[in-house]
Structure formats: structure tokens, C-alpha cells
Amino acid sequence: MNNHFQDSGKVLILLSLFISFSIFSCNSNNKNKNEDANADEEFVAAKDEETQEKFQTAKKIFYSLPSPIETAKILQNAGAIYDETLLNPVGNSSQYITNLNMALNLGIYTTDLSYASLFDQTQVTLNYIEVAKKMADGLNILDAINESTIQRLEDNINNREVIIDIISETLLNSSSFLKERGLESTATIILVGGWIEGLYIATQLVGDKPIEGSMIVERVVDQKLSVDFMIKLLEEAEDDPDAQKILDDVLTLKETFDKIVITQGENTAVKDPESNVTTLKSSSSHNLTKEVFDELASKVKEIRTSYIS
Amino acid sequence: MIRKAIFLLSFVALVFALPVNVNGQCKQFAKKTCKVGLSPYQHDGNYHAALLIEGEEAELYKTFYSDTEYRIGVCGAGNLSDIEFKIEDSNGKVLYNNKYEDYNWKWDFRLESSQQLKIVVKVPVNDVNVEEPEEGCVAIMFGFKDD
């Protein structure tokens, strides 16, 4: 019995030391709160310089990719129609067993879900939240979409605003869950999957129609502006082979996007004093040809097919 | 022996959970404070939040689309001074700086043409407490609605 207590005591002492060390390490990494109040000025100055240097070298840089909701909203605003045949069938969900497939298709299904909900497709919305949950569960993203989420969705199935809010919440939960655990590359892959799905729907809706005057085509061209962000985020995940595979696909798309030249005019910010909304007045133009559009559509279809197969 | 093992494992789990808890608090702050304030704009679902120290800067790049009205919200935890943020276009032209708007935490805007913008966020140094800079959560969130 005594031995048991002695052993426990040793363990407790070791744990206490470890806890103290861990807490000290955490704080001293970010702050100097535990410094001795009587430290001489020279030491404080040296620490300040070190801290300043750290700020300069470790400036946090974020790249925000279009979310599935934003992608679907952009499509709707551009005058897209609803075409259910363009969605990834829910029946495909059982074949996604790798983390890569589940992450890509969580993004794809969330874009489909957002697209369907914006067009008030209630039953499709319910079907797609179920498969999105299946993908999130498969990735062990705890509680991103739980039973109460689905219940809330069912209770508000005719309230588009609440549905979009629920989808937004599930995206936020997934993204924050992954980022908190250092799985940023999985969060990026989910967004790339959703983005590819949006591009697929957009390019398929245009099909063989003329590109001139099409708002959907304009939004497709705009995607060139996000490609470099995707590449930077995927390049940062150099240790993740899944991210590197997806990077190859995005680089293939970049080759085609690089054939499009966008000319951006100067911005002038004008604030409406009544609404407090500022308008960034500027013009832009591009040189997209039907040939380049078709090349892009073909590549997007090929990549998307490989993701959902 | 089994007890010790359980004890040790629990402890290791606790140590590894510490940073997750800190970030979890950041998520709760982003959800409960910043996201709520985006209304009536619809949050886009993206999550950008980090622990920043006074004096530290962060940059965020994003593509914004024409025909959509946006709200950018930059929220800092209560222990931090008012957060500064400015918006620059791809030519480096400053389009907005909240320093001249009483450190308003949000900015509503629309664009006539789609483009990339940069959001530069800075946590000002508190002159009273230079040697012990505060650290807190800063969240950058976006909402949109029909133009």
C-alpha cells in the first residue's frame, strides 16, 4: 500500500513538473508574462527585439477560398437554373472510403446541398445533408453535422434563410475543427472539392451556348482570381500526399486560366451616406474565347469525374 | 500499474488538449461574437481566426464578386485594444481604413467588378502595458447578400 502511494507520489511530482514546464512553455512562446519583474533593462530590450523579430518573420497570412455556399450563391445570382442531373448522386457516397475521397466529396456534396437549397429543393436538400454528414463522420469531424442539425433542418425545411444558416454553421464547424487540429490541408481539400463542383455546374449549364453576354461565364472567368490562393494553400501542405495530388489538378486548371487575361481598372471607393455601403467603382475586361472556355470545361469535367468516381 | 498508466495517459491527453481548448475558445468567440454581428448578411461558412499578440499583424486575401454585397467583420477579444484593419486592392491602393471610422469592426461594400482584395489586420500595442503584450483571439469573417 505504501509503495503504491510512493509510486503515485512520484508520478504526481513528475506530472506537476511536466505541467509547470508545459504551461511555462506555452506562455513564454507567446508572451513574456512570466519574466522576472526584476530583470535588468538590457535583458528586456533583447527580448523585445526578439519578439519584434518574431512578429516580422511570423506574420500570419490567410487565403480565403470561395465556400460552397458562396459558390452556389454566385451561380444563382448569375442567373443559373436548377438542374438536378448535374449533382453527384447520393448513391455514390458508399464508394468513398479514403480520407481524400471523403474530403473532396464533403465539399462536392455541400456545394450540391447549397445549390439545391437555394432553389428550394427541399427533399434533395434533406438527402444531401445526410450524405454530407456521412462524409464528415467518415473524416471524424465530430459534431459538424449531428442529429440535431438534421432535425433543425427538417423543422425549417421551407425557410431558405435558416437552411443556409445551418449549412454555414456546418461549414464553420468542420473548418474550425480541422484547423484546431492542424489539419488545414483537409479543410483546403474540402473547399477545393466544393469549388470544382461549382465550376462543373457552371460550365455544364453554359454548355454549347455562346459565351458572350453570359453572366455565368463571367463568374467562371472570375475563378481565375482564386486559383493562385488554392495553389499557395496546397503547396503549404507539402507533407500531405493527398494535397499534392489535388495540387496537380489545380495546376492543370491554372494552365488554362492563364490563357485568360483580366484587365482591372482603377478602384474608386464611394460611400453611400444613407446605407453606409461603399461601392468600389471600377471596370474590368477579359479576353476569354469559346475555345479556351471549352478547354476549361473539359478539364473541369475530367477532374470532377475522377473525384466522384 | 494500470492506474498509473491511465493517469499518465489522461495527463498526456490533457497536455495535448490544451492548445485545442485555446483554439476552441477562439472558435466560440468567432461564432458567438463575430458571426452573429454579420446579420443581416449571410455568413459564408469560412473560418479565419487566430491568436494574435499586441503589435502583431495578419493579412487575408480573398476574391470578391460583383453583383454581391459584402460585410467584412474583424473582431478582437475583449482584452485587446480596438483592432485596426484596412482593405487594399491588388495595386496596393487603400480602399478603407477603420482607423478613420472610429475603429468600426465591420465594413459593408459592393463591387462593380470582381477582384482580389487584401485585408490587413493589426492589433495595436497598448502604450500602458508595452512589456506585457496581451494576446487574444482575432476573427475575420465575411457575410454576403444579394446586391
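A note on names: the letters A, B, ... follow the listed sequences, proteins ahead of strands, and every chain is numbered from 1. These figures come from a predicted structure and were not determined experimentally.
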(message) For a salt bridge (Lys or Arg N to Asp or Glu O under 4.0 Å) check, start with the C-alpha distance between A/K60 and B/E56, then their side-chain angles and the critical distance, and finish with the verdict.
(response) CA-CA 9 Å; A/K60 291 185 171 69; B/E56 200 171 9; 3.2 Å; yes
(request) Counting only heavy atoms closer than 4.5 Å, note whether B/L117 contacts chain A via side chain, backbone, both or neither. (result) side chain
(message) Can you tell whether the side chains of A/D228 and A/K254 come within less than 4.0 Å, N to carboxylate O?
(response) yes
(message) So that I can tick it off, tell me whether B/K62 and A/E70 are bridged by a salt bridge, with the cut-off set at under 4.0 angstrom between side-chain N and carboxylate O.
(response) yes
(message) I'd like to verify something: which residue of A/S275, A/P68, A/S284 has the highest number of heavy-atom pairs under 4.5 Å with chain B?
(response) A/S284
(request) Would you mind checking which part of B/Q115 comes under 4.5 Å of any heavy atom in chain A, side chain (CB onward), backbone (N, CA, C, O), both or neither? (result) both
(message) Parallel, tilted or perpendicular: which one describes the rings of A/Y115 and A/F119, with boundaries at 30° and 60°?
(response) perpendicular
(request) Indicate whether the side chain of A/Q76 and that of A/K73 have a donor and an acceptor atom separated by less than 3.5 Å. (result) yes
(message) Under 4.5 Å from any heavy atom of chain B, what part of A/F229 do you find: side chain, backbone, both or neither?
(response) side chain
(message) Salt bridge or not between B/E112 and A/K281? Use side-chain N to carboxylate O under 4.0 Å.
(response) yes
(request) Please flag which part of B/F64 lies under 4.5 Å from any non-hydrogen atom of chain A: side chain, backbone, both or neither. (result) neither
(request) Count the heavy-atom pairs under 4.5 Å between each of B/V121, B/L95, B/I119, B/I140 and chain A, then report the option with the highest count. (result) B/L95
(message) Does any backbone or side-chain atom of A/I164 lie under 4.5 Å from a heavy atom of chain B? Answer side chain, backbone, both or neither.
(response) both
(request) Find the one option among A/K232, A/R219, A/E266 whose heavy-atom pairs under 4.5 Å with chain B are most numerous. (result) A/R219
(request) Determine the minimum heavy-atom distance between B/L52 and B/A58, stating which atoms define it. (result) CD1-CB, 4.2 Å
(message) Distance alone, cut at 3.5 Å: any donor-acceptor contact between the side chains of A/T278 and B/R110?
(response) no
(message) Tell me if a side-chain donor or acceptor on A/T111 pairs with a main-chain N or O of A/G194 at a distance below 3.5 Å.
(response) yes
(request) State whether the side chain of A/S176 and the backbone N or O of A/N173 hold a donor-acceptor pair below 3.5 Å, judged by distance alone. (result) yes
(message) Between A/D165 and B/K35 (salt bridge meaning N to carboxylate O under 4.0 Å), is one present in this structure?
(response) yes
(message) Quick check on B/F142 against chain A: is it the side chain, the backbone, both or neither that has a heavy atom closer than 4.5 Å?
(response) side chain
(message) Just so I understand: if I count every heavy-atom pair under 4.5 Å between each of A/I61, A/N267, A/I262, A/V221 and chain B, which residue has the most?
(response) A/N267
(request) Name, in order of residue number, those residues of residues 83-94 of chain B that have a heavy atom at a distance of less than 4.5 Å from a heavy atom in chain A; otherwise write 'none'. (result) B/D89, B/K93
(request) Heavy-atom pairs under 4.5 Å with chain B are the metric here; pick the option from A/I69, A/T170, A/L225 that has the most. (result) A/L225
